[in-house]
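Naming convention: chains lettered A, B, ... in sequence-line order (proteins, then strands); numbering from 1 in each chain.
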Amino acid sequence: AQSVAQPEDQVNVAEGNPLTVKCTYSVSGNPYLFWYVQYPNRGLQFLLKYITGDNLVKGSYGFEAEFNKSQTSFHLKKPSALVSDSALYFCAVSPSDNYGQNFVFGPGTRLSVLP
Amino acid sequence: EAGVVQSPRYKIIEKKQPVAFWCNPISGHNTLYWYRQNLGQGPELLIRYENEEAVDDSQLPKDRFSAERLKGVDSTLKIQPAELGDSAVYLCASSLVGYNEQFFGPGTRLTVL
C-alpha cells in the first residue's frame, strides 16, 4: 500500500526567501506524485504533478518540485515566497499502474510566510 | 468553465440524524470521488465512481454511509444515522478517465452535535 509523509507540520519563512515543503513517499512500482494547496474554507487546488521525464517539475504560481527516486522524495520549492502563499499544502501519491486514480494524501504542511 | 459544485457548504445536525451531501462534477468528467477530511489531516478516499459504477468503495463505512451517482453525473453521499465522529469536511472531486489531476469542490463542513 502506498503512503505519504510530510515531516513538518508547520513551515515558517520570511517573504522573499526561498521555501521548501518536504514530502517522502512509499509506493510499489513507479509513482505518480502531486502537490495540492488548500486555502481556508476552500477545496484543494492542483499545483503540479510528476508522471515521468524531467525530475524537476514546474507548476502554478511559481512553484516547482523535484522528484528524487533514490530518496523517494518530492519536495515542493519556490525561489521567493509571498505572503499570499500562506496555506496548507498536501503531497499525494498514486501507483502508476492505476492511472493515478487512487490518491493517498499526506497529512499536510501549513506554510506561513511572514511579511 | 464551472468547477465542482457542492452543497450545502455547512451542515449542523444532532447525532443519530440523517444527512446528505450533493456534488455536481465538472462537465464531461467521468470519474467522481468522495473524500473525508478530518481536522488537521489529509483527505481520505471514501468512494470512487467511473460513470455510474462505484469502482472503489472499500473505505466507505457501509453500515451508515451510502452513495449514488445516477445517470453518471451528479452524486449524493448520505450518512444515516450520523455519529459524533462523522464531523469532518466532505470533499467531492472529479477527473477525466485516464487523466491524473483531480479537481476539488469547496467541501461540506459537517458538525455533529
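Interatomic distance, CZ of B:Phe103 versus CG of A:Leu44, reported as 12.5 Å (0.5 Å rounding). Distance CG/A:Leu88 to CD/B:Gln41: 11.5 Å, rounded to 0.5 Å.
Atom CG of B:Leu39 has 12 or fewer neighbouring heavy atoms from other residues, nucleotides or ligands inside a 6.0 Å radius. Residue B:Arg64 places its CZ atom among more than 12 non-hydrogen atoms of other residues, nucleotides or ligands, all under 6.0 Å distant. The environment of CD in A:Gln10 is crowded: more than 12 heavy-atom neighbours from other residues, nucleotides or ligands sit within 6.0 Å. Residue A:Glu8 places its CD atom among more than 12 non-hydrogen atoms of other residues, nucleotides or ligands, all under 6.0 Å distant. Annotation for B:Lys71: atom NZ does not count as buried by contact number, only 12 or fewer foreign heavy atoms lying within 6.0 Å.
At a 4.5 Å heavy-atom cutoff, the contact between A:Gln38 and chain B is made by side-chain atoms alone. Only the side chain of B:Gln37 has a heavy atom closer than 4.5 Å to any heavy atom of chain A.
Ring centroids of A:Tyr36 and B:Phe104 are separated by less than 6.0 Å, placing the two rings close together. Taking the six-membered ring where the residue is Trp, the centroids of A:Phe103 and B:Tyr33 are separated by 6.0 Å or more.
Note on B:Gly107, B:Gly105, B:Cys92, B:Pro43: by heavy-atom pairs under 4.5 Å with chain A, the leading option is B:Pro43.
B:Phe65 and B:Leu91 are assigned to two separate hydrophobic clusters, defined by single-linkage of ILVMFWY side chains at heavy-atom distances under 4.5 Å.
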